[in-house]
Amino acid sequence: MTNLKWAMVGSGFMAQLILKDFALADNTELYALVSRDPAKAEARLAELDVTAKAITFDEALADDQIDVIYIATPHSEHFPMAKAALNAGKHVLVEKAFTLDAAQARELAALAKEKQRFLMEAMWTKFLPAMLALKKIIASGELGNIVGIEADFGFNGPF
């Protein structure tokens with residue numbers, strides 16, 4: 001299998017958290033970090049010692065080497081950027097919150113289906129081994145007939 005080449009849009013907090021993780025995933029390559037100011041992207045890449053191109057969003061849309069665009073910008077930009085990426089033929093992963101409202105989400109889902117592109121909110125917990133094991137236990141019936149689940153997610157972070 002060939003590597004999927006990713007462009008991450010946004011050089012802020014999420015980039016700081018996630019950029020190094022691309023190297024941990026099989027068949028994945030961080031190809032570019034996208035910013036309105038490529039100098040900011042270059043500085044973030046250097047700070048984290050990550051090798052990738054620093055480009056603008058328009059350059060990412062036009063680059064045939066990019067397979068997937070990961071949108072990690074302020075929420076107000078998620079919908080227009082995801083729509084532009086889908087229209088450019090890219091697969092799209094969008095940080096939370098996916099869109100500003102349900103109508104925008106439905107529009108993106110319809111466009112992804114029309115363009116035959118993958119579109120997903122970056123809900124990483126879906127793929128955690130513990131979640132996959134829990135789904136298997138529930139499906140087995142070991143816990144009986146589950147009629148509802150209430151769960152919380154939290155961590156001890158600095159105030």
Check [X] against [Y] and note the closest heavy-atom contact, atom names and distance.
{"X": "G12", "Y": "R44", "answer": "O-NH2, 3.7 Å"}
{"X": "A32", "Y": "I55", "answer": "CB-CD1, 3.6 Å"}
{"X": "M120", "Y": "M123", "answer": "CE-O, 4.2 Å"}
{"X": "A15", "Y": "G10", "answer": "CB-O, 3.3 Å"}
{"X": "L108", "Y": "A82", "answer": "CD1-CB, 3.7 Å"}

Checking [X] side chain against [Y] main chain: does a donor-acceptor pair fall under 3.5 Å?
{"X": "E77", "Y": "P74", "answer": "no"}
{"X": "T28", "Y": "D26", "answer": "yes"}
{"X": "D67", "Y": "K5", "answer": "yes"}
{"X": "N87", "Y": "K83", "answer": "yes"}
{"X": "S35", "Y": "P38", "answer": "no"}
{"X": "R117", "Y": "A112", "answer": "no"}
{"X": "H91", "Y": "V68", "answer": "no"}

Quick check for you: to the nearest 0.5 Å, what is the distance between [X] atom [atom1] and [Y] atom [atom2]?
{"X": "M14", "Y": "Q16", "atom1": "CE", "atom2": "CD", "value": "10.5 Å"}
{"X": "I137", "Y": "I146", "atom1": "CD1", "atom2": "CD1", "value": "10.0 Å"}
{"X": "L111", "Y": "L86", "atom1": "CG", "atom2": "CG", "value": "5.0 Å"}
{"X": "T99", "Y": "D101", "atom1": "OG1", "atom2": "CG", "value": "5.5 Å"}
{"X": "K90", "Y": "L119", "atom1": "NZ", "atom2": "CG", "value": "15.5 Å"}

How about [X] and [Y]: do any of their side-chain heavy atoms sit closer than 4.5 Å?
{"X": "Y31", "Y": "D63", "answer": "yes"}
{"X": "I18", "Y": "Y70", "answer": "yes"}
{"X": "F98", "Y": "H75", "answer": "no"}
{"X": "E29", "Y": "W6", "answer": "no"}
{"X": "V34", "Y": "M81", "answer": "no"}
{"X": "L19", "Y": "L45", "answer": "yes"}

Report the C-alpha separation of L61 and I69 in whole Å, then their side-chain angles, then the decisive distance to 0.1 Å, and conclude whether the side chain to side chain contact (heavy atoms under 4.5 Å, CB included) test is met.
CA-CA 9 Å; L61 295 179; I69 295 200; 3.9 Å; yes
Would [X] and [Y] show up in the same hydrophobic cluster when neighbours are defined by side-chain heavy atoms closer than 4.5 Å?
{"X": "L17", "Y": "V94", "value": "no"}
{"X": "I138", "Y": "L132", "value": "no"}
{"X": "L24", "Y": "L48", "value": "no"}
{"X": "L4", "Y": "L33", "value": "yes"}

Identify which one of T73, V92, V9 satisfies the side-chain contact (heavy atoms from CB on, under 4.5 Å) criterion when paired with H78.
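The single option meeting the side-chain contact (heavy atoms from CB on, under 4.5 Å) with H78 is T73.
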Is it true that E121 and K96 make a salt bridge, defined as a side-chain N closer than 4.0 Å to a carboxylate O?
no
Under 4.0 Å between a side-chain nitrogen and a carboxylate oxygen: does that hold for K20 and D49?
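Here K20 does not pair with D49 in a salt bridge, since their nearest N and O are not under 4.0 Å apart.
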Would you find more than 12 non-hydrogen atoms of other residues, nucleotides or ligands less than 6.0 Å from E114 atom CD?
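Enclosed: over 12 neighbouring heavy atoms sit under 6.0 Å from CD of E114.
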